[in-house]
Colleague: 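Please see the structure below; I have some questions.
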Amino acid sequence: MTAAPGAMSEPDATRVQQEPAERQDFLREIVQQDLAEGRIQQVVTRFPPEPNGYLHIGHAKSICLNFGIARQYGGQCNLRMDDTNPTKEDVEYVDSITTDVKWLIDGWADHCLGLKPVGGVARVQQVNGAEDFHLPGVMPAEAAVCPDVALEPFYASDYFEPLYRYALQLIEKGKAFVCDHTPAEVDEMRGAPDRPGQESRYRDRSVEENLDLFQRMRAGEFPDGARTLRAKIDMGAPNVWLRDPVLYRIRHASHHHTGDDWCIYPMYDFAHGLSDYIEGITHSICTLEFEVHRPLYEWILEALDLPRVHPRQREFARLNVTYTIMSKRKLLRLVQEGHVRGWDDPRMPTISGMRRRGYPAEAVRAFCDRIGVAKRENMVELGLLEHFVRDDLNRRAPRAMAVLRPLRLVLENYPEGQVEEFETVNNPEDAGAGTRKVPFSRVLYIERDDFREVPPPKYHRLSPGVEVRLRSAYLVTCTDVVKDPDTGEVVEVRATYDPATRGGDTPDGRKVKATIHWVSAAHAVDAEVRLYDTLFTVENPDDVPEGQDFTATLNPASLEVLRGCKLEPSLAEAAPGARYQFERLGYFCVDAEDSRPGALVFNRTVTLKDAWAKIEKKQGTAPRP
RNA sequence: UGGGGCGUAGCCAAGCGGUAAGGCAGCGGGUUUUGGUCCCGCGAUGCGUAGGUUCGAAUCCUGCCGCCCCAGCCA
């Protein structure tokens with residue numbers, strides 16, 4: 001059928017429709033539905049790490065999810081320290097967590113997504129004769145338009161008093177009791193998944209006695225472990241988390257945030273849901289292993305008869321990445337046992353490690369967005385993360401020439417003492433990046449990999465008799481090699497240049513198969529360059545033979561330090577953290593910790609894709625180790 | 001063998017009863033003063049499996065198989 005010219009105009013409106021920045025997933029569906037049905041007016045999420053370690057790429061997924069949903073639906077996301085266990089936590093961790101979260105979402109959120117608790121501490125209110133607590137005016141639209149507010153995390157430990165009062169209410173309702181059984185006894189009496197537990201003989205204490213005992217627990221009258229506060233639910237429940245779970249334990253320990261104010265501390269299940277409630281969280285998103293806790297989460301909120309909208313807990317599958325581990329405990333071991341130089345070692349999957357290595361926050365976010373959110377167990381290939389790092393850096397990183405493993409190249413027909421400057425483009429992907437000048441002279445350094453005395457098949461680079469282009473400079477032809485008389489190693493390559501090819505153009509239109517990078521020996525600046533490989537040699541370091549642990553698969557060659565690398569002179573004043581593409585090699589950034597003026601250290605962020613390496617591997621012609 | 005989840009390509013992941021999106025990886029080709037980038041092309045007659053319902057099933061039902069999580073006074 002023939003379409004009339006004017007009849008095609010109606011799709012225009014749909015054509016301009018923008019695809020949403022975030023892709024759809026089952027959690028966003030739930031949020032949308034709650035919004036649509038009016039169950040909530042504004043979405044409030046939270047990212048609740050325990051400050052007992054550094055954040056890693058798995059947390060990044062959760063941060064992107066929680067902050068991403070808040071951003072997408074015009075809501076709020078709170079960074080909350082889930083700090084209810086004083087013996088494991090430290091301010092070092094709250095500081096690093098805060099820094100890392102800010103770094104990850106910086107420039108993404110055009111406002112202060114719920115990082116600041118505007119109202120301060122929780123406030124009390126009378127509702128139906130009982131006390132209720134919430135954070136007044138947490139976020140606020142004002143904060144959203146005020147980019148200057150200090151970004152401060154929330155703390156579950158700021159709610160210890162309200163939490164304590166809720167516990168009292170639970171006791172008054174006859175839904176919690178003080179139990180004197182020892183940890184071993186409680187263990188014994190819990191039963192097993194397929195066998196019901198046994199009720200505590202303290203289960204039927206009077207409300208008065210429970211109140212008295214619990215208050216005395218708080219007053220510090222009992223030693224650690226002597227008593228606990230337990231929920232009175234059902235020792236026969238098939239879900240073991242419903243078998244009268246412990247709500248409070250005694251710990252005479254200083255807390256990083258509350259000091260010595262408390263000697264009883266709430267357990268996760270009690271503190272978490274109520275902290276969510278206090279903050280007005282609408283969607284409490286966590287990982288799959290908490291799915292079995294959900295009935296308890298809901299039981300607590302319902303048992304207390306809380307008047308405001310209850311938060312909803314929903315679960316998603318945690319991220320796993322090949323060649324790495326995600327457990328904080330194991331990462332801690334890597335640090336403590338000295339397998340890495342610290343939490344921010346560029347080989348670590350931590351956010352601080354990735355930052356130091358040069359991964360842009362935008363790339364990490366793009367990765368988190370791409371992997372999606374679902375409930376099935378997954379193991380994402382490291383290559384995907386690297387893809388987004390390259391994709392981002394390719395567009396943004398200025399190019400530079402750097403020779404990592406220098407080999408002298410002497411141009412026999414180039415006048416001794418002569419220096420030329422060539423103008424070269426800073427970033428072919430970004431016309432606005434401008435150009436710079438690179439000095440050229442008779443003695444240069446080229447990459448050892450770019451010369452082979454006997455070239456294998458398909459080798460396009462320099463070898464005797466072959467002509468290649470020196471990027472932005474001249475075409476040169478190899479005439480000879482100089483070898484170390486003892487070892488036979490090639491220590492210098494001799495060549496001639498064609499003066500007619502100035503700038504790299506060929507007036508006669510002839511082609512060369514390779515363009516290689518170079519640095520003028522007399523002008524080069526020296527640097528240390530650190531090359532990184534995966535920390536582990538196997539895709540799943542957790543999946544290791546019986547009797548061994550994950551350290552068995554540590555990669556002994558995960559770090560290679562190169563000294564005496566030769567960089568083009570423009571790099572002399574590279575700023576800490578600055579990222580470059582060293583042409584034909586990869587992306588590198590100035591190490592922000594170890595670089596000093598006059599002593600540059602670069603980290604290799606990621607290599608460029610290397611088609612030649614692939615060919616060579618297939619051919620089996622790769623050189624020495 | 002109790003309870004809770006999950007099975008779509010090598011790795012992620014859409015799909016929500018109307019005839020298998022997309023990305024990464026891989027392979028082939030083109031452009032190229034980075035063996036980079038960019039561009040073009042190629043992959044499931046099939047959705048763990050066996051039945052059933054239906055005009056029609058990855059989507060609904062049933063059985064089976066497989067994998068993950070839960071018995072901390074950790075989170």
Colleague: Would you please say whether a donor-acceptor pair under 3.5 Å links the side chains of A/T322 and A/E381?
Modeller: no
Colleague: Starting at CG of A/N394 and ending at C1' of B/U32, how long is that distance when rounded to a whole Å?
Modeller: 13 Å
Colleague: Classify the nucleic acid contact of A/R399 as base, sugar-phosphate or nothing, counting any heavy atom under 4.0 Å across all strands shown.
Modeller: base
Colleague: B/G66 pairs with which nucleotide, Watson-Crick or G-U wobble, both distances below 3.5 Å?
Modeller: B/C6
Colleague: Taking the P atom of each, how far is B/G43 from B/A57, in whole Å?
Modeller: 24 Å
Colleague: Does A/I615 reach a base, just sugar-phosphate, or nothing at all? Heavy atoms under 4.0 Å.
Modeller: base
Colleague: Any ion pair linking A/D244 and A/R190 (charged N to carboxylate O, less than 4.0 Å)?
Modeller: no
Colleague: For B/U59 and B/G7, measure between their C1' atoms and round to the nearest Å.
Modeller: 14 Å
Colleague: Searching all strands shown, indicate the nucleotide that pairs with B/U1 (Watson-Crick or G-U wobble; both distances under 3.5 Å).
Modeller: none
Colleague: Can a salt bridge be assigned to the pair A/D391 and A/R395 using a cut-off of 4.0 Å between side-chain N and carboxylate O?
Modeller: yes
Colleague: Identify whether any heavy atom of A/L608 sits under 4.0 Å from a base atom; if not, whether one sits that close to sugar-phosphate; answer base, sugar-phosphate or nothing.
Modeller: base
Colleague: Is it true that A/R461 and A/E447 make a salt bridge, defined as a side-chain N closer than 4.0 Å to a carboxylate O?
Modeller: no
Colleague: When you check the glycosidic angle of B/G7, does it come out syn, meaning within 90° of 0, or anti?
Modeller: anti
Colleague: Taking for each residue the nucleotide of RNA chain B bearing the nearest heavy atom, is the 5' side occupied by A/L585 or by A/T322?
Modeller: A/T322
Colleague: Any salt bridge between A/R249 and A/D224, counting N to O under 4.0 Å?
Modeller: no
Colleague: Between atom CG of A/L444 and atom CG of A/L411, what is the distance when rounded to the nearest 0.5 Å?
Modeller: 5.0 Å
Colleague: Any chance the side chains of A/Y587 and A/E386 put a donor and an acceptor closer than 3.5 Å?
Modeller: no
Colleague: Rounding to an integer number of Å, can you tell me how far A/R584 CZ sits from B/U34 P?
Modeller: 10 Å
Colleague: Taking only the C1' atom of each, what is the distance from B/G66 to B/G72 in whole angstrom?
Modeller: 30 Å
Colleague: Regarding A/E185, tell me which of base, sugar-phosphate or nothing describes its non-hydrogen contacts under 4.0 Å with the strands shown.
Modeller: nothing
Colleague: Rounded to the Å, how far apart are A/L382 CG and B/C11 C1'?
Modeller: 12 Å
Colleague: Decide whether A/D90 and A/H256 meet the rule of one side-chain donor and one side-chain acceptor closer than 3.5 Å.
Modeller: no
Colleague: Can you check the A/I233 CD1 to B/G3 C1' distance for me, whole Å?
Modeller: 15 Å
Colleague: Within the structure shown, what part of the strands sits under 4.0 Å from A/V373 by heavy-atom distance: base, sugar-phosphate, or nothing?
Modeller: sugar-phosphate
Colleague: Please state the P separation for the pair B/C24 and B/C39 - nearest whole angstrom.
Modeller: 10 Å
Colleague: Please report the distance, rounded to the nearest Å, between CD1 in A/I371 and C1' in B/A14.
Modeller: 15 Å
Colleague: So, are A/E616 and A/R452 salt-bridged, with charged N and O less than 4.0 Å apart?
Modeller: yes
Colleague: Going by purine N1 to pyrimidine N3 plus the second Watson-Crick contact, or the G-U wobble pair, all under 3.5 Å, which nucleotide sits opposite B/C42?
Modeller: B/G26
Colleague: Considering only atom P, compute the distance from B/G48 to B/A14 and round it to an integer number of Å.
Modeller: 14 Å
Colleague: Under the salt bridge (charged side-chain N to carboxylate O under 4.0 Å, His left out) test against A/K437, which residue among A/E421, A/E568, A/E423 passes?
Modeller: A/E423
Colleague: Would you please test A/D498 and A/R469 for salt bridge (Lys or Arg N to Asp or Glu O under 4.0 Å) and show each step?
Modeller: CA-CA 10 Å; A/D498 177 357; A/R469 175 187 293 108; over 6 Å; no
Colleague: Cut-off 3.5 Å, side chains only: do A/E429 and A/N427 have a donor facing an acceptor?
Modeller: no
Colleague: Got a second to check how far A/F367's CZ is from A/I57's CD1, nearest 0.5 Å?
Modeller: 5.0 Å
Colleague: Once you round it to whole Å, what is the distance between P of B/G35 and NZ of A/K511?
Modeller: 15 Å
Colleague: With a 4.0 Å cut-off on heavy atoms, is A/Q581 in touch with a base, just the backbone sugar-phosphate, or nothing at all?
Modeller: base
Colleague: Using a heavy-atom cut-off of under 4.0 Å over every strand shown, decide if A/P428 touches base, sugar-phosphate, or nothing.
Modeller: base
Colleague: Produce a footprint string for nucleotides 21-27 of chain B: one letter per nucleotide, 5' end first; B if the base is under 4.0 Å from any protein heavy atom, S if only the sugar-phosphate is, - if neither.
Modeller: -BSSSSS
Colleague: Step by step, work out the side chain to side chain contact (heavy atoms under 4.5 Å, CB included) result for A/T477 and A/V466.
Modeller: CA-CA 5 Å; A/T477 303; A/V466 170; over 6 Å; no
Colleague: Let me spell it out: for each of A/M379 and A/G504, pick the nucleotide of RNA chain B with the closest heavy atom. Which residue's pick is nearer the 5' end?
Modeller: A/M379
Colleague: Report the distance from atom CG of A/N540 to atom C1' of B/C11, rounded to the nearest whole Å.
Modeller: 13 Å
Colleague: What does nucleotides 70-75 of chain B look like as a protein-contact string, B for base, S for sugar-phosphate only, - for none, at under 4.0 angstrom between heavy atoms?
Modeller: SBSBBB
Colleague: Between A/E377 and A/R318 (salt bridge meaning N to carboxylate O under 4.0 Å), is one present in this structure?
Modeller: no
Colleague: Would you kindly give the CH2-to-P distance between A/W299 and B/G3, to the nearest whole Å?
Modeller: 23 Å
Colleague: Would you measure the distance from the P atom in B/C67 across to the matching atom in B/C73 and give it in whole Å?
Modeller: 29 Å
Colleague: Does the base of B/C11 carry an N or O that pairs as donor and acceptor with the side chain of A/E539 under 3.5 Å?
Modeller: no
Colleague: Write down the distance separating the P atoms in B/G17 and B/G52, rounded off to the nearest Å.
Modeller: 23 Å
Colleague: Using Watson-Crick or G-U wobble geometry with both distances below 3.5 Å, tell me the partner of B/U54, or none.
Modeller: none
Colleague: Mind checking the P distance from B/G22 to B/C64? Whole angstroms is fine.
Modeller: 37 Å
Colleague: Counting the atoms with a prime plus P, OP1 and OP2 as sugar-phosphate, which does A/F270 contact under 4.0 Å by heavy atoms, base, sugar-phosphate, or nothing?
Modeller: nothing
Colleague: So, does the side chain of A/R461 form a donor-acceptor pair with the base of B/G35 at under 3.5 Å?
Modeller: yes
Colleague: Pull out every protein N or O sitting under 3.5 Å from an N or O of nucleotides 5-7 of chain B, one pair per line with the distance.
Modeller:
unit_1 : atom_1 : unit_2 : atom_2 : d
B/G5   : O2'    : A/E291 : OE1    : 3.4

